[in-house]
Protein chains: 2
Amino acid sequence: MGGGAISQRIAEFPKRCRAAGLKVTPQRMAVYSMLIATDRHPCPDDVYTAIRSDIPAISLATVYKILDLFQERGFVRRVSTEGQVARYDAMLDPHHHLVCSSCGRIQDLMGGEFPPLQLTLPAEFDFQATGIEIQFHGQCGACSRQHKPARAAD
Amino acid sequence: MGGGAISQRIAEFPKRCRAAGLKVTPQRMAVYSMLIATDRHPCPDDVYTAIRSDIPAISLATVYKILDLFQERGFVRRVSTEGQVARYDAMLDPHHHLVCSSCGRIQDLMGGEFPPLQLTLPAEFDFQATGIEIQFHGQCGACSRQHKPARAAD
DNA sequence: GTGGCTGCAAAGCTTTTGCATGTTC
DNA sequence: GAACATGCAAAAGCTTTGCAGCCAC
């Protein structure tokens with residue numbers, strides 16, 4: 001996605017907030033702008049740290065509340081991880097994830113670049129699927145060249 | 001998997017432990033037996049609770065240590081979840097998961113029942129994939145019939 | 001007998017909650 | 001001005017750690 005598309009999403013965000021019955025605050029704009037501009041799938045503390053340069057007085061609890069709210073409203077999604085910290089993603093176009101077991105980095109795999117799976121499951125499973133999440137586990141190029149052991153760093 | 005296959009895996013487990021340089025203890029046998037016999041993807045506390053009927057004196061910290069060790073040795077795998085509790089799975093044959101957004105239940109989708117994805121990614125991604133994890137999100141049959149809202153219970 | 005394992009208790013993190021103050025509409 | 005959002009601090013999980021005693025080999 002180009003930078004133009006990002007700034008457009010940021011520009012449209014106040015409208016989306018009001019449409020969802022949410023007030024527009026500098027804190028919420030900062031959280032959304034940070035998330036939409038990165039492909040690093042940050043955890044709440046990453047967001048908090050990044051935002052403090054803009055809004056020094058922001059509190060970590062507020063970041064948690066905002067992320068919860070955004071996820072509830074469907075503005076961001078929470079990525080499934082094995083670890084114990086939540087990671088968020090504002091990229092909502094269909095895509096999958098490449099999870100590096102060595103450095104923990106989560107890389108995007110856009111839907112257009114790899115055939116997406118169909119959502120319709122055989123009726124025998126008695127399950128109404130609304131979304132699919134695919135994670136490839138392994139080593140990213142940088143880590144495999146360094147022969148890093150799994151979970152060396154995060 | 002039939003009950004026979006389960007008891008066989010339990011019977012072979014002491015051998016696997018020793019081969020991996022681990023001592024065989026009642027606690028470890030209980031954890032493994034519990035995990036291999038269920039399809040509920042329990043969290044550490046579930047394991048702890050279930051095992052206390054066999055080994056009343058077992059400590060939760062020990063359960064955590066054992067699960068960590070088993071995962072390190074490849075005896076079990078840790079399932080990626082959005083929540084903040086770890087969930088484990090002793091079923092290591094290729095399979096995917098159906099995650100119910102209402103009740104949180106994780107159902108298995110065996111590899112043979114649904115075409116598995118190939119692991120080879122186009123070279124341009126510079127990623128060495130060793131495993132794939134697919135989660136279908138949605139509502140299980142029971143919850144969709146009850147018109148439960150998402151995350152009503154866990 | 002020895003090394004590794006367990007159980008207990010305490011500490012460490014992440015996340016949530018309550019409430020007074022401040023802001024948006 | 002009213003309703004909602006924020007910030008602070010405290011509490012509530014979940015998970016890890018340190019260490020003395022115990023057990024498998």
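These numbers come from a predicted model, not from an experiment. Every heavy atom of this structure was used, including side-chain atoms; hydrogens, water molecules and symmetry mates were not. Every chain is numbered from 1 and lettered A, B, ... according to where its sequence line falls, protein lines coming before strand lines.
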Under the ring-ring contact (aromatic ring centres under 6.0 Å, His included) rule, collect the residues that match up with B:F70, sequence neighbours excluded.
B:F13, B:F75
Produce a footprint string for nucleotides 1-11 of chain C: one letter per nucleotide, 5' end first; B if the base is under 4.0 Å from any protein heavy atom, S if only the sugar-phosphate is, - if neither.
--BSSSBBB--
A:L109 to A:F136 - nearest heavy-atom pair and separation:
CD2-CE1, 3.6 Å
Salt bridge (Lys or Arg N to Asp or Glu O under 4.0 Å) filter on B:D126, not counting sequence neighbours, yields A:R145
Where along residues 42-54 of chain B does a heavy atom come under 4.0 Å from DNA chain D, residue by residue in number order?
B:P44
Using rotation axes that map the C1' atoms of four end pairs onto the next four (five pairs an end), what angle separates the end axes of the helix from C:dG1-D:dC25 to C:dC25-D:dG1, to 10°?
40°
Give me each pair satisfying side-chain hydrogen bond (donor to acceptor under 3.5 Å, both in side chains) with a member in residues 35-44 of chain B, each pair once, sequence neighbours excluded.
B:H41-B:D89, B:H41-B:H97, B:H41-B:D108
Counted 5' to 3', the first and last nucleotides of DNA chain D within 4.0 Å (strictly under) of a heavy-atom of chain A are D:dA3 to D:dA9
Check for a donor-acceptor pair, side chain of B:Q135 on one end and backbone N or O of A:G131 on the other, with a separation under 3.5 Å.
no
One pair to check against salt bridge (charged side-chain N to carboxylate O under 4.0 Å, His left out): A:R52 and A:D46. What are the steps and the verdict?
CA-CA 10 Å; A:R52 292 232 285 183; A:D46 293 335; over 6 Å; no
Taken in chain and number order and not counting sequence neighbours, the residues that satisfy side-chain contact (heavy atoms from CB on, under 4.5 Å) with A:A61 are A:S59
For B:D68, check side-chain contact (heavy atoms from CB on, under 4.5 Å) against everything at least two apart and list the hits.
B:R78, B:Y88
A:D45: partners by salt bridge (Lys or Arg N to Asp or Glu O under 4.0 Å), with sequence neighbours left out
none
Atom pairs and distances, side-chain donor-acceptor, residues 26-34 of chain A, under 3.5 Å, sequence neighbours left out:
| unit_1 | atom_1 | unit_2 | atom_2 | d |
| --- | --- | --- | --- | --- |
| A:R28 | NH1 | A:K23 | O | 2.8 |
| A:S33 | OG | A:M29 | O | 2.7 |

Looking at residues at least two apart in the chain, or sitting in another chain, which of them share a side-chain contact (heavy atoms from CB on, under 4.5 Å) with B:R18?
B:P14, B:V24
Of all the heavy-atom pairs spanning B:Q139 and B:C100, show the shortest one and how long it is.
CA-SG, 4.0 Å
